[in-house]
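Order of listing sets the numbers, starting from 1, for every ligand and every atom in it. Keep in mind the model is a prediction, meaning the values are calculated, not measured.
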Amino acid sequence: MAYQKQSDTYIRPSNIHKRVQLGKGTTFLPGKKDPSISHLIDHVLEHGYVILPSLFTKEQVDTGNSELARLHSEKTSGPASRGGRNTFEGLQTRRVYALADKSRALDCFPIHETLLKMNDYFLQEHYLLTSYHSVDIGPGERSQEMHTDDGLVHLPRPRPLMGIGTMIALDPFTLTNGATTLIPGSHLWSDSQTPTREAMIPAIMPAGSVVYFLNTIWHSGGANTSSLPRRSLTVQYCQPWIRPTENMTVAMGWEDLDAVPKRLLELLGFSTHDFMGYVDGRSPRAGVEMRKRRLVEWGMKNEEDERKKGAKL
Ligand SMILES: O=C(O)CCC(=O)C(=O)O
């Protein structure tokens, strides 16, 4: 985008006047609207969410489930892969974080064309993935606490849309197995309206479907009173400006982080805001140490492969 000269300083032209306000809850800058999905967009504008039935094929769902079974059987799948550590994660719920790092078989899910087209309208160009993990709600799980996914952002409503949430059903979502519950229209609410369980409806949908929602909507994982798990993926996207200007955690060499003052490390992003900023469900420092170990192992394996190749020549 071109810069405009204004007196002695250069500023970017503002398109803030194009901002749309939804009720008293959400504002956003509409982006590209693909005509093939305008009915879906209209549903989201009115209700805050839309169900996209059978977006993924049976083969994709089967691959998703077998990949999750593989990850659950591995010791390296992260701290919540055998059960949540608190009631928000869900004590009977298994979550595998950092899926983009752990599997190439699941790549079709976060980049489905329809999801990206929806995002192109609701989020600004160059939006990011902010959360991508599995949520396998086991039998006996209680309802998760009601929340909005922008709950850690202390800006008054109406507030800018920070992101989009999706729940991808790898099992049918039913009345009894923990289907995501949402309060339709709560993206329009002001801060003075309080969510209640009674106002929630379950997102009942066949396996392969997706519930797509603005992250100003009140929702929660449901209680699982059935005898089977409710397997799913959650893919969440955020505005491109939700990050520091300089990508400090990548810019920093990780070789000797202990030499950096603790307070400076925190400022560089080796810290969390509540759980925001986690690495594979742990602190960024623990995540860095894990990656360093993996790099060393990878380097040693490469060296060994080269040595074997050399011995054969
Ligand atoms: O599992 C679900 O249906 C919703 C989960 C959720 O909203 C969350 O963990 O933030």
Give yes if a backbone or side-chain nitrogen or oxygen of Arg230 is under 3.5 Å from a nitrogen or oxygen of ligand 1, and no if not.
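Such a contact does occur with ligand 1.
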
Polar proximity ligand 1 side, Ser220 side, N/O cut 3.5 Å exclusive:
no

I need the nearest protein heavy-atom contact for [atom]: residue, atom name and distance, please.
atom	result
atom 10 (O) of ligand 1	His147 NE2, 3.1 Å
atom 5 (C) of ligand 1	Gln144 OE1, 3.4 Å
atom 3 (O) of ligand 1	Thr180 OG1, 2.6 Å

Provide the number and element of each atom of ligand 1 under 4.0 Å from a heavy atom of [X].
X	result
Val135	1 (O)
His219	7 (O)
Arg95	9 (O)
Gly221	1 (O), 2 (C), 3 (O), 4 (C)
Met167	1 (O), 2 (C), 3 (O), 4 (C)

Would you kindly say whether [X] and [Y] are connected by a side-chain donor-acceptor distance under 3.5 Å?
X	Y	result
Asn119	Tyr212	yes
Arg95	Thr93	no
Asp136	Ser134	no

Salt bridge (Lys or Arg N to Asp or Glu O under 4.0 Å) partners of Asp120, counting only residues at least two apart:
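Per chain and number, Asp120 pairs via salt bridge (Lys or Arg N to Asp or Glu O under 4.0 Å) with no residue.
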
Should we count [atom1] of [X] as having more than 12 external heavy atoms under 6.0 Å?
X	atom1	result
Arg19	CZ	no
Lys24	NZ	no
Arg142	CZ	no

Can you tell me which portion of Glu141 lies within the under-4.0 Å heavy-atom range of ligand 1? Options are side chain, backbone, both, or neither.
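Glu141 to ligand 1: no contact under 4.0 Å from either part.
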
Does Asp149 approach ligand 1 within less than 4.0 angstrom via side chain, backbone, both or neither, non-hydrogen atoms only?
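It is the side chain that gets close, since no backbone atom is under 4.0 Å.
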
Can you tell me if Phe173 contacts ligand 1 (heavy atom of the residue under 4.0 Å from the ligand)?
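Under 4.0 Å: no for Phe173.
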
Using side-chain hydrogen bond (donor to acceptor under 3.5 Å, both in side chains) as the criterion, list what pairs up with Asp62, not counting sequence neighbours.
Lys58

Interatomic distance, Gln239 atom CD to Thr130 atom OG1 [nearest 0.5 angstrom]:
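If we round to the nearest 0.5 Å, Gln239:CD and Thr130:OG1 are 11.0 Å apart.
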
